[in-house]
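A quick write-up on the structure given underneath.
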Amino acid sequence: MRRPPSFLRHLLHGASLFVGSSLHGQSAAYTNFESSQTRPVCLSPDGRRIFVVNTPDARLSVFDGSNSAAAAPTLLREIPVGLEPVSVNALTNDEVWVVSQVSGSVSVVSVSTGMITDTLPCPTEPADVVFAAGKAFVSCAGSNTVRVFDLATHQPGAVIAVQGLHRR
């Protein structure tokens, strides 16, 4: 018996796999890789808004959390931010900082306008942001550092080394 040419053999094999999986109601396996979230949810300082990072869709979701009688908070808007946001922290009721690990940046977001007002580079896997003494402190896992930014001007300041690896 004569065998079909190589490309035809592969084509027939692929078709049989497709038909077989379709007959059984199965689709091809899909794995969605996402960065690990650090702080995916936070409240506005006045407690009326809930901010949530939508990691796979690269968005900040803003919810109205002021109606305690509601079954669930109401989605107000979704704001595009950098790739794979992993952390959110509200500086004020209107200014929210979103850390995006794959983009290597922090998006400063105006909630009222639904727009990014500034993008701060943090090229070595930024993970989280906290505020103190007029500064923003962004942890960067890839370089074991903390990058410091001025809250008023968003200008970068010190880079603080942190011993992040345990060696034996």
Side-chain angles (χ1 to χ4, degrees), residues 28-167:
Y30 173 74
T31 303
N32 185 20
F33 172 81
E34 295 171 11
S35 298
S36 297
Q37 296 174 330
T38 309
R39 182 198 325 233
V41 179
C42 83
L43 284 172
S44 60
D46 67 5
R48 299 178 54 86
R49 299 285 184 258
I50 303 167
F51 305 110
V52 181
V53 294
N54 182 337
T55 301
D57 204 26
R59 295 181 180 276
L60 172 67
S61 299
V62 181
F63 292 88
D64 181 355
S66 63
N67 185 357
S68 60
T74 305
L75 178 64
L76 298 174
R77 68 180 352 149
E78 291 190 308
I79 304 166
V81 293
L83 294 176
E84 303 233 354
V86 295
S87 177
V88 58
N89 200 353
L91 179 62
T92 67
N93 293 322
D94 186 55
E95 186 175 309
V96 178
W97 290 45
V98 179
V99 178
S100 297
Q101 192 169 56
V102 171
S103 289
S105 64
V106 177
S107 299
V108 180
V109 177
S110 167
V111 177
S112 61
T113 65
M115 297 178 63
I116 295 174
T117 59
D118 204 354
T119 302
L120 312 176
C122 292
T124 54
E125 297 179 38
D128 200 6
V129 60
V130 295
F131 310 113
K135 308 273 188 236
F137 298 85
V138 181
S139 63
C140 297
S143 60
N144 295 327
T145 60
V146 174
R147 291 182 173 261
V148 182
F149 293 90
D150 183 273
L151 285 178
T153 65
H154 301 165
Q155 291 300 308
V159 177
I160 303 166
V162 177
Q163 181 58 40
L165 299 175
H166 176 71
R167 298 181 190 226

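When reading the values below, keep in mind they use all heavy atoms of this one structure, side chains included, and skip hydrogens, waters and symmetry mates. Index from 1, following the sequence.
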Ser110 pairs by side-chain hydrogen bond (donor to acceptor under 3.5 Å, both in side chains) with which of Asp118, Asp94, Thr117, Thr92?
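Single side-chain hydrogen bond (donor to acceptor under 3.5 Å, both in side chains) partner of Ser110 among Asp118, Asp94, Thr117, Thr92: Asp94.
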
Rounded to the nearest 0.5 Å, what's the gap from [atom1] on [X] to [atom2] on [Y]? Could you check?
{"X": "Asp57", "Y": "Leu83", "atom1": "CG", "atom2": "CG", "answer": "11.0 Å"}
{"X": "Arg147", "Y": "Thr124", "atom1": "CZ", "atom2": "OG1", "answer": "5.0 Å"}
{"X": "Gln37", "Y": "Asn54", "atom1": "CD", "atom2": "CG", "answer": "8.5 Å"}
{"X": "Asn144", "Y": "Gln163", "atom1": "CG", "atom2": "CD", "answer": "7.0 Å"}
{"X": "Cys42", "Y": "Asn89", "atom1": "SG", "atom2": "CG", "answer": "5.5 Å"}

Side chain to side chain, [X] and [Y], heavy atoms closer than 4.5 Å:
{"X": "Thr38", "Y": "Val99", "value": "no"}
{"X": "Ser100", "Y": "Pro85", "value": "yes"}
{"X": "Val108", "Y": "Glu95", "value": "yes"}
{"X": "Val41", "Y": "Ile50", "value": "yes"}
{"X": "Val111", "Y": "Phe51", "value": "yes"}
{"X": "Leu91", "Y": "Leu151", "value": "yes"}
{"X": "Glu125", "Y": "Cys140", "value": "no"}
{"X": "Phe149", "Y": "Cys122", "value": "yes"}

Taking everything shown except Arg48 itself, do over 12 heavy atoms lie less than 6.0 Å from its CZ?
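Counting other residues, nucleotides and ligands, CZ of Arg48 stays at 12 neighbours or fewer.
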
Testing the basics here: between [X] and [Y], what is the closest heavy-atom pair and its distance to 0.1 Å?
{"X": "Gly82", "Y": "Ser107", "value": "N-OG, 3.7 Å"}
{"X": "Ala132", "Y": "Phe137", "value": "O-CE1, 3.5 Å"}
{"X": "Ser87", "Y": "Asp128", "value": "OG-OD1, 2.5 Å"}
{"X": "Gly104", "Y": "Pro126", "value": "CA-CD, 3.7 Å"}
{"X": "Val98", "Y": "Val81", "value": "CG1-CG2, 4.0 Å"}
{"X": "Pro121", "Y": "Thr119", "value": "CD-O, 3.8 Å"}

Polar side-chain atom of Arg77 near backbone of Ser112 as donor-acceptor pair, under 3.5 Å:
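Yes: the side chain of Arg77 pairs with the backbone of Ser112.
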
Does any N or O in the side chain of Ser103 come within less than 3.5 Å of the main-chain N or O of Ser105, such that one atom is a donor and the other an acceptor?
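A pair under 3.5 Å: no.
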
Side chain to side chain contact (heavy atoms under 4.5 Å, CB included) between Arg49 and Leu76, worked out
CA-CA 9 Å; Arg49 299 285 184 258; Leu76 298 174; 3.4 Å; yes

Distance alone, cut at 3.5 Å: any donor-acceptor contact between the side chains of Ser61 and Glu78?
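Side chains of Ser61 and Glu78: pair found under 3.5 Å.
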
